[in-house]
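Notes follow once the structure below has been shown.
Proteins come first, then strands; the chains are lettered A, B, ... in the order of their sequence lines, and each starts at number 1.
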Amino acid sequence: MPELPEVEVVRAGLERHVRGATIAAVEVLHERPVRRHPSGPTGFAAALTGRRIEGARRRGKYLWLPLDDGDAILAHLGMSGQMLVQPVAAPAERHLRVRFALTGVGPEVEGRELRFVDQRMFGGLSVSVGGADLPSEIAHIARDPLDPAFDDAAFVARLRTRTSGVKRLLLDQTLISGVGNIYADEALWRTRLHGERPGNRLTRAQAVELLGHAREVMNEALAQGGTSFDALYVNVNGESGYFDRSLHAYGRADEPCDRCGTPIRRVPFMNRSSYYCPRCQPAPRSARPKA
DNA sequence: ATCGCGACCTGGTTGC
DNA sequence: TGCAACCAGGTCGCGA
């Protein structure tokens, strides 16, 4: 599943391969991915045909392509979305949803098209009116920790006013964007914090350390993922290569903790799972079953 | 303002 | 063997 580092790799690939290209035609093969676009597939295609793509930007896991008229294509990859730059003649992918015919000069564009492929269709595309600089649809989303303008002190202060468990807060896009289930668990493991510890029970030092670890984990993943996808075939295939090697908690139920050897525990969390070391990351009193 | 939960999706895997 | 249940999980919208 694409997390922030993978989305950044996709953004960089799009910047390189479709910047400057003009959209000659749009074909929507499944209407669900454009469900957020008010005028549907027809309006989506009409709004984009003839527009030139000026670049590729990102906030958290959202991507957008600024256009020459001040609008933007806003995209989210969801859990299984891919943006592919493919030869026009390449056979359609099994889950091809939207196809953008491109025209332009240079080998990056010639004979190629942009494809949105998404198996589970949690992802989506829409046209953001006037959204070239920052789509209004995502203006409420906080900056992500890899953004140079991310305000560390403000994040720490807000985190420490909240009563929710700190894992839930890490996933709150209005506080910090780009952190998903995997990196939340990894950042908590590194900080030796249990995800159910309330935000307002963290010391300032703990909150600062947690943010630092979240940033660190994502930077490490970006460093590894960035080398393996440097191809014309802009790809995120669900496997960043980082997952298998460097995870200490996520997906490691019953395996020994890399620090203390205690089996990693898996518990249900918001219709998914949390993984943590019960010894390094003891549950707060409030989360322990009453005797 | 904040909190917490269910719905949305598909396909691979697990369990009976 | 067949089929149902489960699992992955980011975001949105809802009621409290």
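In this structure, P145(A) and I176(A) have side chains that are in contact, with non-hydrogen atoms separated by less than 4.5 Å. At least one side-chain heavy atom of R162(A) sits under 4.5 Å from a side-chain heavy atom of L169(A).
The nearest whole Å value for the distance from the CE atom in M121(A) to the P atom in dG10(C) is 18 Å. With rounding to whole Å, N181(A) atom CG is found 6 Å from dG10(C) atom P. Counting to the nearest Å, the C1' atom of dA1(B) and the CG atom of N200(A) are 15 Å from each other. If you take CG of D172(A) and P of dC3(B), they are 8 Å apart, rounded to a whole angstrom. Between the P atom of dG4(B) and the NZ atom of K167(A) lies a distance of 15 Å, rounded to the nearest Å. Remark: C1' of dC12(C) and CZ of R36(A) are 7 Å apart, rounded to the nearest angstrom. Rounded to an integer number of Å, the gap from H140(A) NE2 to dG13(C) C1' is 11 Å. If you take CE of M79(A) and P of dC12(C), they are 16 Å apart, rounded to a whole angstrom.
A 6.0 Å sphere centred on CZ of R204(A) holds no more than 12 heavy atoms belonging to other residues, nucleotides or ligands.
When heavy atoms are screened at a 4.0 angstrom cut-off, F269(A) is found touching no nucleic acid atom at all. Within the 4.0 angstrom heavy-atom criterion, no nucleotide atom of any strand lies near R35(A).
Residue H76(A) places at least one side-chain N or O under 4.0 Å from the OP1 or OP2 atom of dT11(C). For the OP1/OP2 pair of dT11(C) and a distance below 4.0 Å, the side-chain nitrogens and oxygens of Q173(A) include at least one atom meeting the criterion. Side-chain N/O atoms of S273(A) include none lying less than 4.0 angstrom from OP1 or OP2 on dC7(C).
For H95(A), taking side-chain heavy atoms from C-beta onward, the closest of the listed nucleotides dG11(B), dG10(C), dC12(C) is dG11(B). Residue Y62(A) places its side chain closer to dC12(C) than to any other of dG11(B), dC12(C), dC3(B). Nearest to the side chain of R158(A), among dG13(C), dT2(B), dG10(C), sits dT2(B). Taking the side chain of S164(A) as heavy atoms from C-beta on, and the options dC12(C), dC3(B), dG10(C), the nearest nucleotide is dC3(B).
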Scan nucleotides 5-7 of chain B against the protein and return all N/O pairs shorter than 3.5 Å with their distances rounded to 0.1 Å.
{"residue": "dC5(B)", "atom": "OP2", "partner": "R168(A)", "partner atom": "NH2", "Å": "3.4"}

Let me have the donor-acceptor pairs involving side chains of residues 60-70 of chain A, under 3.5 Å, with sequence neighbours excluded, atom names and distances please.
{"residue": "W64(A)", "atom": "NE1", "partner": "A132(A)", "partner atom": "O", "Å": "2.9"}
{"residue": "D68(A)", "atom": "OD1", "partner": "R51(A)", "partner atom": "NE", "Å": "2.7"}
{"residue": "D68(A)", "atom": "OD1", "partner": "R52(A)", "partner atom": "N", "Å": "3.3"}
{"residue": "D68(A)", "atom": "OD2", "partner": "R52(A)", "partner atom": "N", "Å": "3.3"}
{"residue": "D69(A)", "atom": "OD1", "partner": "D71(A)", "partner atom": "N", "Å": "3.0"}

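Taking the six-membered ring for Trp and thresholds of 30 and 60 degrees, F155(A) and F150(A) have ring planes inclined between 30 and 60 degrees apart.
Nearest heavy-atom pair across G40(A) and V34(A) is C-CG2, 4.4 Å.
Shown are L222(A), V179(A), L146(A); of these, the side chain to side chain contact (heavy atoms under 4.5 Å, CB included) with L4(A) is made only by L146(A).
T163(A) and N200(A) form no side-chain donor-acceptor contact under 3.5 Å, judged by distance and modelled atom types alone.
The nearest heavy atom of DNA chain B to F122(A) and to G165(A) marks one nucleotide each, and the one closer to the 5' end goes with G165(A).
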